[in-house]
Amino acid sequence: MAWLCRRRGLRPFFGLGFDPLAPVAVFERLEPGNSFAFYAYPGSGLDYAEQALSLNKEFLEEEIPAEQLFSAPLGAVEGMYRILGELCAQHLRDWNVVLVPLGPKTHVLASVLVAHRLRAVSCIRTQTQWVRPKRVEAAGVPCATRVTFGTCNDGPAELCKRQGCIGPPAAE
């Protein structure tokens, strides 16, 4: 977890999945003042967004103002990274920002990348045990993401040398 300095308090961003107890449990441990939540829309199935909202209905009604609930496409890691990065950056001056991604995997990846890029942002991983796991059908649409760190106007060979890679880059 990132270093927490004295600010107004915690500003968590909850990524909603199919476990209705996980966000409640984390929320009770964090005891934040004002929170945001996000979910995948469209999801991998026709009604997965509605299922996530329905399963988390009690949490949303009690803890998340309607204007602080937003959606992002399932396969758009880059878009979700940008959205979360911009939202987190807006709150970093006054709040300790915490990302709590509970699903789906592409949103978890975007959250981890934001926390890696913005060192003042923390990312909490949670795990629950289900008696009967939720069956999630594959969407049939592959999602491929390439993650590169740093920027470089030089060629790939120069970037490889600067990052301390062993051996030459695969192609130039």
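Position 1 is the first residue of the sequence; numbering continues from there.
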State plainly whether one hydrophobic cluster holds both [X] and [Y], where clusters connect Ile, Leu, Val, Met, Phe, Trp and Tyr through side-chain heavy atoms under 4.5 angstrom apart.
X: V100; Y: V112; value: no
X: L84; Y: L92; value: yes
X: I124; Y: V108; value: no

Do you know which two heavy atoms are closest between [X] and [Y], and how far apart they sit?
X: A115; Y: C123; answer: CB-CB, 3.7 Å
X: V77; Y: A110; answer: O-CB, 3.9 Å
X: W95; Y: G9; answer: CE3-O, 3.5 Å
X: S111; Y: F38; answer: OG-CZ, 3.9 Å

Rounded distance (nearest 0.5 Å) linking atom [atom1] of [X] with atom [atom2] of [Y]:
X: D19; Y: L102; atom1: CG; atom2: CG; value: 7.5 Å
X: L109; Y: M80; atom1: CG; atom2: CE; value: 11.0 Å
X: T126; Y: R29; atom1: OG1; atom2: CZ; value: 12.5 Å
X: L55; Y: E50; atom1: CG; atom2: CD; value: 11.5 Å
X: E86; Y: Y81; atom1: CD; atom2: OH; value: 10.5 Å

For Y41, I'd like to know if atom OH has over 12 heavy atoms of other residues, nucleotides or ligands within 6.0 Å.
no
Taking the ring centre of each residue, are Y39 and Y48 less than 6.0 Å apart?
no
What donor-acceptor contacts under 3.5 angstrom involve side-chain atoms of residues 56-73, with partners at least two apart or in another chain?
unit_1: N56; atom_1: ND2; unit_2: G17; atom_2: O; d: 2.9
unit_1: N56; atom_1: ND2; unit_2: A52; atom_2: O; d: 2.7
unit_1: Q68; atom_1: NE2; unit_2: N34; atom_2: OD1; d: 2.7
unit_1: Q68; atom_1: NE2; unit_2: S35; atom_2: O; d: 2.7

Side chains of S122 and N96: does their closest heavy-atom pair fall under 4.5 Å?
no
Minimum side-chain heavy-atom gap L118-V97 below 4.5 Å:
no
Side chain of T106, backbone of L74: donor and acceptor closer than 3.5 Å?
yes
Residue from V98, I83, L99 passing side-chain contact (heavy atoms from CB on, under 4.5 Å) with C88
L99
